[in-house]
Amino acid sequence: DEVIFVYDALSPGIRATVGDAHPLPIKRLVDFERAAVAAGASAQIEFRIEAAALASTTADGTMKLYTGTHDLIFSRGNGNDVTVPVVVVV
């Protein structure tokens, strides 16, 4: 079995906008998928990441989707990760 994790990492631009208003994680898990893959074989996995999954919790506990670049990081937990920048416009 292989497990693919999808993390959201906020860009320095978003971090600068938020400033000290509330803490932001370096990256956070937004989705994952497990696939049974035979040795030497490959598999295609599709993820559908909704906009709400990229929202962050603010200081007052509400969720807010920040405009700017969100880096989606696809990881197996070891080896090379794949990062895909996604520009969010609210």
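- For the pair Thr67 (side chain) and Val90 (backbone), a donor-acceptor distance under 3.5 Å is present.
- One distance of note links NE2 of His22 with OG of Ser56; it measures 6.5 Å at 0.5 Å rounding.
- Contact check for Thr69 versus Val86: no side-chain heavy atoms found under the 4.5 Å cut-off.
- The minimum heavy-atom distance between Ala59 and Ala21, with the atom names listed, is CB-O, 3.5 Å.
- Both Ile49 and Val82 are members of a single hydrophobic cluster when ILVMFWY side chains are connected at heavy-atom separations under 4.5 Å.
- Using a 4.5 Å cut-off between side-chain heavy atoms of Ile, Leu, Val, Met, Phe, Trp and Tyr, Leu24 falls into a hydrophobic cluster with Leu10, Ile14, Val18, Tyr66.
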Checklist line | Verdict with reasoning, Thr57 to Met63, per side-chain contact (heavy atoms from CB on, under 4.5 Å) | finding: CA-CA 5 Å; Thr57 305; Met63 300 300 287; 3.2 Å; yes
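- Between Ser75 and Asp81, the closest heavy-atom pair is OG-OD1, 2.9 Å.
- Between Glu50 and Arg48 there is no salt bridge, since no side-chain nitrogen of the basic residue lies less than 4.0 Å from a carboxylate oxygen of the acidic one.
- Follow the hydrophobic side-chain contacts under 4.5 Å out from Val6 and you reach Val88 in the same cluster.
- Within the model, atoms CD of Glu33 and CD1 of Ile4 stand 9.5 Å from one another, a figure rounded to the nearest 0.5 Å.
- Residues Arg34 and Asp1 approach most closely at CD-OD2, 3.5 Å, considering heavy atoms.
- Shown here is Asp60, whose CG atom has more than 12 heavy atoms of other residues, nucleotides or ligands within 6.0 Å.
- Residues Ala41 and Val37 share a closest heavy-atom pair of O-CG1, 3.5 Å.
- Checked against the 6.0 Å centroid threshold, Phe47 and Phe74 count as a close aromatic pair.
- Taking both residues in full, the closest heavy atoms of Ala9 and Lys27 are given as CB-CB, 4.2 Å, listed atom of the first, atom of the second, then distance.
- Residue Val30 comes nearest to Asp8 through the heavy atom pair CG1-CB, 3.8 Å, listed as atom of the first residue, atom of the second, then distance.
- Separating the OG1 atom in Thr83 from the CG atom in Asp71 is a distance of 6.0 Å, to the nearest 0.5 Å.
- Once rounded to the nearest 0.5 Å, the distance linking OG of Ser11 with NE2 of His70 reads 7.0 Å.
- Note on Glu2 versus Arg76: salt bridge recorded, some NZ/NE/NH1/NH2 to OD/OE distance being below 4.0 Å.
- Distance check: Ile73 CD1 to Leu29 CG gives 11.0 Å after rounding to the nearest 0.5 Å.
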